[in-house]
Amino acid sequence: YPAGPTVLHYLSLPLPSSPVAVGRVPVFSQPVVKLSQTLVVQQTSLERPRETWSKKMDFLLSVIGYAVDLGNVWRFPYICYQNGGGAFLLPYLLMAVFGGVPLFYMELALGQFHRSGCISIWKHICPIFKGIGFAICIIALYIAFYYNTIMAWALYYLLSSFRSTLPWTTCTNSWNTVNCNRYMSTDHNISWSNSSTSPAEEFYTRQVLQVHLSSGLHQLGSVSWQLALCLLFIFTIVYFSIWKGVKTSGKVVWVTATFPYLVLLVLLIRGATLPGAWRGVVFYLKPDWEKLLSTTVWIDAAAQIFFSLGPGFGVLLAFASYNPFHNNCYKDALVTSSVNCLTSFLSGFVIFTVLGYMAEMRKQDVDTVAKDAGPSLLFIIYAEAIANMPAATFFAIIFFLMIIMLGLDSTVSLCPKLLSNPFFALLIPGGAFVVKLFEEYATGPAVITVVLLEVIAVSWFYGTSRFCNDVQVMLGFYPGCFWRVCWVAICPCFLLFIIISFLAFPPEVRLFHYHYPAWTTVLGYCIGVSSFICVPTYMVYHLLNAKGTFKQVLHFLSFSLSLIFFSPRRAVLSWSCVFGIVPTIPLNSFPLNTTTTATIYRYKYQNVHD
């Protein structure tokens with residue numbers, strides 16, 4: 001309990017005859033607590049105090065840097081124009097208010113109150129769900145593979161930018177083909193056809209990724225030594241950013257979290273002055289209200305706000321655990337989530353002013369130019385647009401520095417102990433196909449399922465009332481009805497809606513001209529299940545190692561399940577005991593009989609020393 005030192009001080013004094021309030025912990029003079037009173041098990045710890053942030057701003061910048069990642073720059077603009085432009089902002093905001101922000105607030109409050117990471121926190125909430133913490137670590141490992149590979153690509157571009165002529169502006173290089181068409185703003189006598197490829201596209205696909213050397217996932221090729229060196233350099237930066245915990249990472253984010261905003265502002269001003277920029281802005285914001293009748297729009301809005309704010313990855317729990325106990329995490333949740341959403345909206349203007357300029361230069365529609373999504377939007381379309389700007393070398397350097405900074409913010413946040421070994425399998429010619437598979441299957445469905453279980457464990461097993469009492473102890477006020485309803489009902493429905501939609505409409509995975517065969521779908525689901533399988537596996541392990549015989553455990557589980565249907569209030573106490581939660585509710589509110597009381601003492605309190 002956070003008031004542990006104070007409790008120890010009062011316990012050293014002579015005990016009065018009536019309860020004395022120490023914080024919110026009643027200390028009784030009697031050695032035995034009657035069932036008519038509130039049952040409290042006092043725990044103290046002699047462990048070394050957890051370190052804290054040097055400044056409040058270190059925490060805010062760390063959370064903002066984690067939430068504002070590469071997806072804000074490329075995914076939101078593409079999803080927005082694909083789903084109705086300005087009309088998409090309505091479902092996006094609704095999903096943020098009723099789903100994303102409540103989950104964001106819940107994780108910050110949990111981490112700050114229990115001062116634990118994604119694995120150790122479950123001993124305070126519900127030990128049988130500890131597998132969620134292990135699943136989160138595996139998902140973080142997959143994301144680290146994915147993000148560090150993209151940063152290695154960006155570093156390769158950054159090093160290639162220190163030239164007077166950018167290498168993706170000419171068609172005379174060894175990797176170029178006969179279809180390469182140099183289409184610069186100074187060239188007026190060149191026509192663009194459907195078979196034409198830009199120098200930027202060939203530099204990305206044939207020089208950086210080298211996908212022409214691989215025919216698919218069944219033939220991946222050998223490791224590219226240039227990208228391998230880039231990846232080693234990225235891991236070196238990550239290591240020295242986290243090697244002393246929050247004391248170093250809190251200082252790193254002052255650069256990695258603020259520099260992208262400076263670059264975005266510079267690129268926005270430059271993009272707004274380009275000819276044809278208005279075409280991109282109109283295309284970005286023009287509302288198509290009819291698309292709101294499609295369920296796909298609402299699914300994309302829910303998925304985008306969830307992955308943008310990033311609950312469920314264990315990062316918010318870890319960051320908040322280094323806060324002072326009475327820090328106002330409620331205000332932090334509102335501020336950082338608002339900054340995240342506004343950054344996504346701002347990134348849309350940065351991207352689409354340039355896409356409008358590209359459409360004007362090629363004399364094509366904006367939707368034709370904006371056909372690429374994901375990393376291709378940055379490494380092909382935006383790289384080509386930068387090459388057509390005055391002072392192209394300068395803008396290329398700051399742009400790819402921004403990409404690296406955005407990736408570093410997220411990577412530094414994700415389970416540092418899992419980032420010690422580079423994953424070179426993603427640096428082979430077929431590595432881009434593996435990256436796409438990880439993007440679609442390794443993180444999305446798995447982390448949403450994990451967060452669904454997390455919300456259920458906190459709201460239904462730990463108890464919303466108990467969680468709200470914890471928040472009241474920290475912040476001095478009780479969460480309102482809106483937050484309680486979101487945690488109990490709306491957020492689980494919100495997450496279940498995304499999961500069912502994903503299973504009902506699996507994504508059609510395609511990269512460039514390669515269509516993934518049917519067996520890759522099975523492989524993708526296996527990768528996703530490889531992390532989620534930790535949850536039921538640990539549940540079985542926990543029950544097999546429970547006190548008493550296996551027959552007694554099964555008997556108690558069946559007894560508890562029967563209470564759910566016939567006496568829900570008694571079921572709460574019963575499940576709390578078998579799952580290892582210390583109940584703090586008044587026992588006289590339960591119509592307990594002799595059998596129930598004996599069962600509770602036999603299965604739970606045989607190990608309590610008091």
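We're numbering straight along the sequence, starting at 1. The structure presented is a predicted model; accordingly, all values stated were derived computationally and were not measured.
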- Task: Given side chain to side chain contact (heavy atoms under 4.5 Å, CB included), test L317 with H114 step by step and report yes or no.
- Result: CA-CA 9 Å; L317 289 172; H114 296 290; over 6 Å; no

- Message: Show the nearest heavy-atom pair for residues A333 and T336, with the distance to one decimal.
- Response: O-OG1, 3.5 Å

- Message: Quick check against the 3.5 Å criterion: does T537 have a side-chain atom that pairs as donor or acceptor with the backbone of C534?
- Response: no

- Answer with yes or no whether the side chains of N340 and S308 bring together a donor and an acceptor at under 3.5 Å. yes

- Task: Would you check if D332 and V63 make a side-chain contact, meaning some heavy-atom pair closer than 4.5 Å?
- Result: no

- Task: Measure the CZ-NE2 distance between F113 and H326 for me, rounded to the nearest 0.5 Å.
- Result: 10.0 Å

- Query: Donor-acceptor pair, Y516 side chain versus K436 backbone, under 3.5 Å?
  - Reply: no

- Quick one: OH on Y261 to CG on L406, what's the gap to the nearest 0.5 Å? 8.5 Å

- If you round to the nearest 0.5 Å, how far is OH of Y330 from CE of M474? 13.5 Å

- Going by heavy atoms in the side chains, are W122 and Y462 under 4.5 Å from each other? no

- Evaluate the criterion side chain to side chain contact (heavy atoms under 4.5 Å, CB included) for residue pair L316 and Y66; output intermediate values, then yes/no. CA-CA 9 Å; L316 300 177; Y66 159 70; 4.1 Å; yes

- Item | Backbone N/O of N323 and side chain of R115: donor-acceptor pair under 3.5 Å | yes

- Task: For side chain to side chain contact (heavy atoms under 4.5 Å, CB included), just list the numbers for C80 and Y92, CA-CA rounded to whole Å, side-chain angles, deciding distance to a tenth of an Å, and then say yes or no.
- Result: CA-CA 9 Å; C80 185; Y92 179 77; over 6 Å; no

- Item | Distance flag, aromatic centroids of F482 and F98, threshold under 6.0 Å | yes

- Query: Looking at Q304 and I79, what are the two nearest heavy atoms and their distance?
  - Reply: OE1-CG1, 4.5 Å

- pair S530-Y142: side-chain heavy atoms closer than 4.5 Å: yes

- Item | Distance, nearest 0.5 Å, that separates CG of L103 from CG of L108 | 11.0 Å

- Message: Are F307 and I448 packed together at the side-chain level, in the sense that at least one heavy-atom pair is separated by less than 4.5 angstrom?
- Response: yes

- Task: Determine yes or no for a side-chain-to-main-chain donor-acceptor pair under 3.5 angstrom, with N469 supplying the side chain and S465 the backbone.
- Result: yes

- Query: So which heavy atom on L408 is nearest to which on M151, and how close?
  - Reply: N-SD, 3.2 Å

- Item | Y322 side chain reached by Q112 side chain, heavy atoms, under 4.5 Å | no

- Identify the two heavy atoms, one from C329 and one from A109, that lie closest to each other, and give their separation to 0.1 Å. SG-CA, 3.9 Å

- C341 and I305: CA distance, side-chain angles, deciding distance, side chain to side chain contact (heavy atoms under 4.5 Å, CB included) verdict: CA-CA 8 Å; C341 295; I305 192 63; 3.8 Å; yes

- Item | Under 3.5 Å: donor-acceptor pair, side chain of S459, backbone of I456 | no

- Message: Taking the side chain as everything from C-beta on, heavy atoms only, tell me whether S116 gets closer than 4.5 Å to S321.
- Response: no

- Message: Tell me whether the rings of F306 and F313 are parallel (<30°), tilted (30 to 60°) or perpendicular (>60°).
- Response: tilted

- Message: Counting only heavy atoms from other residues, nucleotides and ligands, does the tally under 6.0 Å from CZ of F477 exceed 12?
- Response: yes

- Task: Quick one: closest heavy-atom pair of G314 and C118, and the distance?
- Result: CA-CB, 4.0 Å

- In terms of ring plane angle, is the pair F145 and F438 parallel, tilted or perpendicular, where the classes change at 30° and 60°? perpendicular

- Item | Rounded distance (nearest 0.5 Å) linking atom SG of C126 with atom CZ of F461 | 6.5 Å

- Message: Is the shortest side-chain heavy-atom distance between W254 and M57 below 4.5 Å?
- Response: yes

- Interatomic distance, CD1@I498 vs OG1@T449, rounded to 0.5 Å, equals 10.0 Å

- Would you find more than 12 non-hydrogen atoms of other residues, nucleotides or ligands less than 6.0 Å from K56 atom NZ? yes

- Does any N or O in the side chain of W483 come within less than 3.5 Å of the main-chain N or O of P102, such that one atom is a donor and the other an acceptor? no

- Aromatic ring proximity, centroids under 6.0 angstrom, Y538 and Y541: yes

- Can you check whether P91's main-chain N or O pairs, donor with acceptor, with W298's side chain at less than 3.5 Å? no

- Task: Specify the closest pair of heavy atoms between V458 and L110, including all atoms of both residues, with the distance to one decimal.
- Result: CG2-CD1, 3.6 Å

- Message: Quick one, F532 and I139 - any side-chain contact, counting heavy atoms below 4.5 Å?
- Response: no

